[in-house]
Amino acid sequence: MELSEDLPHGHDSIVAHFDIRKSPEKRDPGWYLALMAPNEKGSDYAWLDPSRLYCNQQALQDCIEDLLLPFTDDQIDLVAGIDAMGFILGAAIAAHLGKGFLAIRKAGHLCVKTRSTNYADYSGKEKVMEVRTDVIKTGLRILLVDQWIETGGTMKAAIKLVEEQGGIVAGVATICIEDSEGGKWVKKHYKCSDCVPEYLRSHFNNHVLENVQLYYNQQNSCE
């Protein structure tokens, strides 16, 4: 694919040339990962924006089904999504399962009694997470959903809030769990699901989205 030289920075990525409304005839595992958008604004932001794939109905549907596949025979009583992008994917998964949805919030947004905990997010910033205390009961099996696990700090805080109230973490679902120390800890201690095929995992660990886009573009070109 020949890319225009006069496109603004970031828009010369292959992803900018994908029609977000269309889906390939052959949907390889994780095909929708190529719809994600690269960082165009610098180091103050995450290295990519996964939420672009949500704009494609088939991509969102396939993403949800892939994430839930390991939990097909598991009991899930409630789905909890982590502020903020985990709300989108978590609510969609809850609707797909026919279950309720619990929002785990950044501190200061809930006007009811809450339990809170401190954590450091992917950027290293210290934050406070909270959850309402009138939902989680002893033995309630909860699927925790976030958009991405980079350092694992955010997910570990959510796990703590669930377990401190007697809830059981039935599993963790997220588009990608990077092989960071925190990501490895989550995968070691809990049943996890993400969307990344193993042959592409190193590219995500190295934060190279362009190689993922090139792979799927080449696959479609060969059809």
Exercise for the section: Could you go through the salt bridge (Lys or Arg N to Asp or Glu O under 4.0 Å) check for Asp77 and Arg141 one step at a time? Expected result: CA-CA 5 Å; Asp77 301 317; Arg141 296 181 57 83; 5.5 Å; no
Exercise for the section: Decide side-chain contact (heavy atoms from CB on, under 4.5 Å) for Val128 and Thr117; before the verdict, give the C-alpha distance in whole Å, the side-chain angles of both, and the deciding distance to 0.1 Å. Expected result: CA-CA 6 Å; Val128 179; Thr117 188; over 6 Å; no
Handout entry: side-chain hydrogen bond (donor to acceptor under 3.5 Å, both in side chains) between Ser23 and Gln58, worked out
Key = CA-CA 7 Å; Ser23 305; Gln58 188 64 61; 5.4 Å; no
Exercise for the section: Would you sort out whether Lys187 and Asp194 count as a salt bridge (Lys or Arg N to Asp or Glu O under 4.0 Å), showing the intermediate values? Expected result: CA-CA 10 Å; Lys187 288 195 286 187; Asp194 76 1; 5.9 Å; no
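Other residues, nucleotides and ligands contribute over 12 non-hydrogen atoms within 6.0 Å of the OH atom of Tyr190. Around CD of Gln57, the count of heavy atoms belonging to other residues, nucleotides or ligands within 6.0 Å exceeds 12. Atom NZ of Lys184 is surrounded by 12 or fewer heavy atoms from other residues, nucleotides or ligands within 6.0 Å.
Side-chain contact between Leu97 and Ile76: present, with at least one pair of heavy atoms (C-beta onward) separated by less than 4.5 Å. At least one side-chain heavy atom of Glu65 sits under 4.5 Å from a side-chain heavy atom of His96. With contacts defined as side-chain heavy-atom distances shorter than 4.5 Å, the pair Trp148/Leu48 qualifies. Considering only heavy atoms from C-beta on, Ile149 stays 4.5 Å or farther from Cys176 through its side chain.
Scored by the side-chain contact (heavy atoms from CB on, under 4.5 Å) test, Asp49 finds Ala37, Ser51 as partners (sequence neighbours excluded).
In terms of hydrophobic clustering, with Ile, Leu, Val, Met, Phe, Trp and Tyr side chains grouped at heavy-atom distances under 4.5 Å, Ile88 and Tyr32 are assigned to a common cluster. Under the 4.5 Å side-chain contact rule for hydrophobic residues, Tyr119 and Tyr122 do not share a cluster.
Distance alone, capped at 3.5 Å, is enough to place a donor-acceptor pair between the Asn56 side chain and the Ile20 backbone.
There is a side-chain donor-acceptor pair under 3.5 Å between Gln147 and Tyr54. Residues Lys113 and Thr133 bring no donor and acceptor atom of their side chains to less than 3.5 Å of each other. Residues Glu178 and His207 have side chains that bring a donor and an acceptor to within less than 3.5 angstrom of each other.
Screening Leu144, Val79, Val131 against Leu102 for a side-chain contact (heavy atoms from CB on, under 4.5 Å) leaves a single residue, Val131. In summary, of the residues considered (Thr174, Asp179, Ile175), a side-chain contact (heavy atoms from CB on, under 4.5 Å) with Ile177 occurs for Thr174 alone.
Remark: Arg27 engages Asp62 in a salt bridge, criterion side-chain N to carboxylate O under 4.0 Å. The pair Glu164-Arg115 counts as a salt bridge, with a side-chain nitrogen and a carboxylate oxygen less than 4.0 angstrom apart.
Classification of the Phe101-Phe87 ring pair by plane angle, with boundaries at 30° and 60°, yields perpendicular.
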